[in-house]
Amino acid sequence: MRLLVLIAVFLTACHPDGAYSGAGNTIVQGDVDKGETNGRMFDFVSDKPEGDDWQIRIRGTTIWCAYSNGKKSDDLGTKKLTDQESEKLWELVDALDIQSRKGGKKDDDNGTVTLKLREPGDEDGDKHKMFTVYVSRDTEDDDVIAVGTYLRKLVDKHFKETPNF
């Protein structure tokens, strides 16, 4: 009987062709499956000159957050975003067009926001592509401000903390 249950569980986890079937992750109109941990990833790191540091990582539909101040750090953990939150956030990330931006430089006087995007490799097995951009915390870039504002809202909602970046 146990063997039959194991076989049934195994068969429901695979497509008919034997490929692993993720939990509810779909590819829509050729877009990258944003629910896979091996897919897209976005890091937003805000460093203040006095040592405050917020780190936020988005992997597909999850958000991870940590805060540190000097020697004290607090890993706030990982939460799942709603489909609407995830879609809106990835639209804002795409509007940043990180791949086309110049690298920028760190701002020791005002602090720096580091934006890092990982795009999945192609179907031929090429590795991930990483793009990193540095922006002053004193930016007037509307796209960077929009992402920061929305991330602040998400962190407040899911972690009950309000970042000051």
Side-chain angles (χ1 to χ4, degrees), residues 22-69 73-159 161-165:
N25 299 326
T26 59
I27 297 176
V28 179
Q29 297 177 353
D31 288 342
V32 175
D33 182 355
K34 297 173 184 160
E36 294 293 328
T37 58
N38 205 25
R40 298 181 89 194
M41 179 184 73
F42 173 67
D43 287 344
F44 181 98
V45 180
S46 175
D47 298 314
K48 287 185 175 180
E50 59 270 8
D52 284 10
D53 176 72
W54 279 93
Q55 297 181 27
I56 300 171
R57 173 168 285 173
I58 307 300
R59 274 194 169 172
T61 56
T62 60
I63 183 172
W64 171 85
C65 187
Y67 170 77
S68 66
N69 185 352
S73 63
D74 190 8
D75 183 339
L76 301 175
T78 303
K79 303 286 183 173
K80 179 152 179 32
L81 299 173
T82 67
D83 290 341
Q84 294 83 8
E85 291 169 336
S86 177
E87 188 165 324
K88 178 176 180 176
L89 180 56
W90 282 109
E91 286 174 5
L92 291 169
V93 169
D94 289 340
L96 287 169
D97 196 18
I98 294 173
Q99 304 92 317
S100 299
R101 289 177 177 249
K102 293 183 179 180
K105 61 181 181 175
K106 295 185 178 184
D107 183 344
D108 295 331
D109 295 329
N110 296 301
T112 303
V113 173
T114 304
L115 306 170
K116 188 181 288 189
L117 179 66
R118 180 185 77 181
E119 294 284 10
D122 60 24
E123 295 171 2
D124 296 329
D126 288 344
K127 296 185 185 222
H128 298 293
K129 295 179 179 112
M130 297 289 291
F131 305 92
T132 303
V133 174
Y134 302 103
V135 180
S136 172
R137 288 185 67 253
D138 191 30
T139 187
E140 294 183 14
D141 185 317
D142 290 337
D143 293 326
V144 174
I145 293 168
V147 168
T149 301
Y150 193 60
L151 285 172
R152 183 179 293 124
K153 178 180 175 180
L154 292 175
V155 170
D156 186 42
K157 175 184 175 186
H158 292 283
F159 299 101
E161 296 281 344
T162 305
N164 184 14
F165 45 75

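- Nearest heavy atoms, Glu119 versus Phe131: CG-CE1, 4.1 Å.
- Atom CD of Glu161 sits about 9.0 Å away from atom CG of Asp156, to the nearest 0.5 Å.
- The shortest distance between side-chain heavy atoms of Phe159 and Lys79 falls below 4.5 Å.
- For Arg57, the salt bridge (charged side-chain N to carboxylate O under 4.0 Å, His left out) partners at least two apart in sequence or on another chain are Asp43.
- To the nearest 0.5 angstrom, Lys106 atom NZ is 6.0 Å from Thr114 atom OG1.
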Side chains of residues 144-154: which donor-acceptor partners sit under 3.5 Å, not counting sequence neighbours?
{"unit_1": "Thr149", "atom_1": "OG1", "unit_2": "Ile145", "atom_2": "O", "d": "2.8"}
{"unit_1": "Arg152", "atom_1": "NE", "unit_2": "Pro163", "atom_2": "O", "d": "3.0"}

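- Every residue meeting the ring-ring contact (aromatic ring centres under 6.0 Å, His included) condition with Phe44, not counting sequence neighbours, appears here in chain and number order: Phe165.
- To the nearest 0.5 Å, atom CD1 of residue Ile98 and atom CZ of residue Arg118 are 13.5 Å apart.
- Using a 3.5 Å distance cut-off with no hydrogens or angles, the side chains of Thr112 and Asp47 do not pair a donor with an acceptor.
- No side-chain donor-acceptor contact under 3.5 Å links Arg137 to the backbone of Lys48.
- Counting only distance, with no hydrogens or angles, the side chain of Asp74 and the backbone of Leu76 share no donor-acceptor pair below 3.5 Å.
- Between the CG atom in Leu115 and the CZ atom in Phe42 there is a gap of 5.0 Å [rounded to 0.5 Å].
- Heavy-atom minimum distance, Ser73 versus Ser68: CB-CB, 3.7 Å.
- Here the CG atom belonging to Asp143 is positioned 6.0 Å from the CZ atom belonging to Arg101, to the nearest 0.5 angstrom.
- Between Asp75 and Cys65 the shortest heavy-atom distance is OD1-O, 3.6 Å.
- Within 6.0 Å of atom CD in Glu50, more than 12 heavy atoms from other residues, nucleotides or ligands are found, so the atom counts as buried in its surroundings.
- With 3.5 Å as the limit, one finds no donor-acceptor pair spanning the side chains of Trp54 and Asn164.
- Here Thr62 contributes atom OG1 and Met41 contributes atom CE; the two are 10.5 Å apart, rounded to the nearest 0.5 Å.
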